[in-house]
Amino acid sequence: LFSSHAAMVQNCRLYSKAKFVGYRRSKVAQQTNFSILKIEGVNEKSDTEFYLGKRVAYVYRASRKVNDSKYRVLWGKVVKSHGNSGAVRARFPNALPPKAMGASVRVMLYPSNI
């Protein structure tokens with residue numbers, strides 16, 4: 001009974017995977033509250049329009065429990081495309097830690113604009 005039920009249930013992921021590749025920067029300075037993200041499967045500037053306004057979650061694990069969980073989340077929002085190869089800029093109220101560079105973030109598929 002349970003094995004056939006498990007076969008019918010499909011995993012439904014409500015986010016796209018992305019990598020945090022760095023901060024918005026110039027030759028001299030960097031603006032740490034803008035993070036540059038590379039979203040999986042997005043390779044052109046025109047593909048980024050779907051993700052504008054979407055929420056971004058950086059989930060990390062801390063050593064001390066808060067509210068019975070060691071997992072914490074920093075929330076941001078996709079605000080603009082970056083360059084021509086499908087990267088986007090996300091704004092966070094507090095900057096993502098530099099240790100997070102190269103780590104995965106979740107680009108949620110809400111709020112919907114279609």
Side-chain angles (χ1 to χ4, degrees):
L1 177 71
F2 292 110
S3 61
S4 62
H5 182 267
M8 291 189 303
V9 176
Q10 292 180 345
N11 290 336
C12 182
R13 194 177 72 197
L14 293 177
Y15 63 89
S16 295
K17 293 181 180 179
K19 294 284 184 193
F20 169 42
V21 294
Y23 299 114
R24 181 180 178 207
R25 55 176 299 221
S26 67
K27 186 178 176 184
V28 177
Q30 66 184 10
Q31 295 159 4
T32 55
N33 52 345
F34 283 99
S35 300
I36 299 172
L37 309 176
K38 186 70 178 109
I39 304 170
E40 280 185 4
V42 178
N43 296 317
E44 294 180 7
K45 189 172 191 169
S46 58
D47 298 340
T48 63
E49 292 174 13
F50 172 79
Y51 291 97
L52 298 183
K54 300 286 191 266
R55 304 268 292 164
V56 181
Y58 169 61
V59 180
Y60 64 100
R61 190 172 172 184
S63 59
R64 186 172 54 89
K65 279 190 174 184
V66 173
N67 295 334
D68 253 357
S69 175
K70 287 189 173 186
Y71 292 96
R72 309 211 185 136
V73 183
L74 293 174
W75 288 97
K77 186 185 283 191
V78 176
V79 292
K80 194 173 183 179
S81 63
H82 182 86
N84 293 317
S85 61
V88 295
R89 290 182 202 161
R91 185 177 194 120
F92 289 83
N94 297 322
L96 290 181
K99 177 179 158 184
M101 281 191 202
S104 292
V105 295
R106 299 175 181 185
V107 180
M108 300 300 177
L109 298 180
Y110 54 80
S112 176
N113 53 14
I114 56 172

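What you see below is based on every heavy atom in this structure, not just the backbone, and it leaves out hydrogens, waters and symmetry mates.
- Here OG of Ser81 is found 4.5 Å from NZ of Lys45. Values are rounded to the nearest 0.5 Å.
- Both Ile39 and Phe50 sit in one connected hydrophobic cluster of ILVMFWY residues. Membership requires side-chain heavy atoms under 4.5 Å apart, directly or through other members.
- The two residues Ala95 and Thr32 have their closest heavy-atom pair at CB-O, 3.2 Å.
- Between Tyr58 and Tyr60, the ring planes are parallel. Angles under 30° get that label, and only those over 60° would be called perpendicular.
- For the atom pair NZ of Lys17 and CD of Glu40, the computed distance is 6.0 Å after rounding to the nearest 0.5 Å.
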Assess the residue pair Ser104 and Lys19 against the criterion (side-chain hydrogen bond (donor to acceptor under 3.5 Å, both in side chains)); give the C-alpha distance rounded to whole Å, side-chain angles, the decisive distance to 0.1 Å, and a yes or no. CA-CA 5 Å; Ser104 292; Lys19 294 284 184 193; 3.2 Å; yes
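- In this structure, OH in Tyr15 is found 7.5 Å from CE in Met108, a value given to the nearest 0.5 Å.
- Follow the hydrophobic side-chain contacts under 4.5 Å out from Leu74 and you reach Val78 in the same cluster.
- Residues Phe34 and Phe20 do not share a hydrophobic cluster, clusters being chains of Ile/Leu/Val/Met/Phe/Trp/Tyr side chains in contact below 4.5 Å.
- Rounded to the nearest 0.5 Å, atoms CE (Met101) and OG (Ser35) are 8.0 Å apart.
- By the criterion of side-chain heavy atoms lying less than 4.5 angstrom apart, applied directly or through intervening Ile, Leu, Val, Met, Phe, Trp or Tyr residues, Leu14 is not grouped with Val105; the two fall into different hydrophobic clusters.
- Pro111 approaches Gly53 most closely through the heavy-atom pair CD-O, 3.5 Å.
- There is no path of hydrophobic side-chain contacts, each under 4.5 Å, that joins Trp75 to Val107.
- Residues Lys54 and Asn113 meet the side-chain proximity criterion, which asks for heavy atoms closer than 4.5 Å.
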Could you go through Asn33 and Phe92, starting from their C-alpha distance and side-chain angles, then the distance that decides it, and tell me whether this counts as side chain to side chain contact (heavy atoms under 4.5 Å, CB included)? CA-CA 5 Å; Asn33 52 345; Phe92 289 83; 5.7 Å; no
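- Contact of the Ser16 side chain with the Arg106 side chain is not registered, since no non-hydrogen atoms from C-beta on lie closer than 4.5 Å.
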Lys38/Asn43 under side chain to side chain contact (heavy atoms under 4.5 Å, CB included): CA gap, chis, key distance, verdict: CA-CA 9 Å; Lys38 186 70 178 109; Asn43 296 317; 3.8 Å; yes
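- Taking 4.5 Å as the limit, some side-chain heavy atom of Arg64 sits within range of a side-chain heavy atom of Arg72.
- Within 6.0 Å of NZ on Lys77 lie no more than 12 heavy atoms contributed by other residues, nucleotides or ligands.
- Note that CD1 of Ile36 is 7.0 Å distant from CZ of Arg89, once rounded to the nearest 0.5 Å.
- For the atom pair Leu109 CG and Cys12 SG, the distance stands at 9.0 Å (nearest 0.5 Å).
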